[in-house]
Amino acid sequence: QKQLVESGGGLVQPGGSLRLSCACSGFTLDEYNIGWFRQAPGKGREGVSDISTSHDTTYYSDSVKGRFTCTRNNAKNTVYLQLNSLKPEDTAVYYCAAVHDVVEIIDWTAEWEYGYWGQGAQVTVSS
C-alpha cells in the first residue's frame, strides 16, 4: 500500500522558514516523481514544486521560485520542501503527491497527473 505522510507544518511569522517532509512507504521513491501542492482556504489546489527522478530535476511555480527548495533522499524514502522567506499568502495546506516515472508528465502543476497523495500539512504564516 503506497502511503505519503507530510510533516513539519506549523505557525511561523512572515519572513520565517519551515521544512516540510514527505515520508513515503510502500513504493521505491527513486522510481517516482514527487509533486508538492497547496490549497489555501476558498481556493483550488495549486502546484508548487516537483522533483523528478531524472537527475533530481526540480520545478517551481513563479510564486515560490527563489524561496522554496525541493530535495529528495531516496535512501530515507523522503522528500523535503524547504520554505524560506515565508509570506502570509503562503498560508495553506501543503500536500505531496507521487506518480511513477514511467508516466510522462505533461503538466506537473496539474493535480490529475499524480496518483498518490498525502493527507496534507497546515502551514500558517502570520504575525
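Keep in mind that what you see is a predicted model, and the values were worked out from it rather than measured. Any value given below was found using the heavy atoms of this structure, including those in side chains, with hydrogens, waters and symmetry copies removed.
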inquiry  = Please determine whether a side-chain nitrogen of the Lys or Arg among Lys65 and Asp62 lies less than 4.0 Å from a carboxylate oxygen of the Asp or Glu.
reply    = yes
Q.
With ring-ring contact (aromatic ring centres under 6.0 Å, His included) as the criterion, how do Trp36 and Phe68 come out once you've worked through the C-alpha distance, each side chain's angles and the decisive distance to 0.1 Å?
A. CA-CA 11 Å; Trp36 285 94; Phe68 291 8; 9.7 Å; no
| field | Heavy-atom check, side chain of Ser63 versus side chain of Glu89, under 4.5 Å | value | no
Can you say whether the rings of Tyr32 and His100 are parallel (under 30°), tilted (30 to 60°) or perpendicular (over 60°)? perpendicular
For residues 4-30, the salt bridge (charged side-chain N to carboxylate O under 4.0 Å, His left out) pairs (sequence neighbours left out) are none
Across all chains, not counting sequence neighbours, the side chain to side chain donor-acceptor pair (under 3.5 Å) partners of Glu111 are none
Thr109 meets the side chain to side chain donor-acceptor pair (under 3.5 Å) criterion, sequence neighbours left out, with Asp107
- Message: Do Arg72 and Cys24 make a side-chain contact, defined as non-hydrogen atoms from C-beta onward lying under 4.5 Å apart?
- Response: no
Notebook entry, point to check: Can you find a side-chain donor-acceptor pair between Thr124 and Ser126 that sits under 3.5 Å?
Noted result: no
Would you call the rings of Phe37 and Trp117 parallel, tilted or perpendicular if under 30° counts as parallel and over 60° as perpendicular? tilted
Does Gln3 reach the main-chain N or O of Gly26 with its side chain, forming a donor-acceptor pair under 3.5 Å? no
Using a 3.5 Å distance criterion without hydrogens, assess whether the side chain of Asn77 forms a donor-acceptor pair with backbone atoms of Phe27. yes
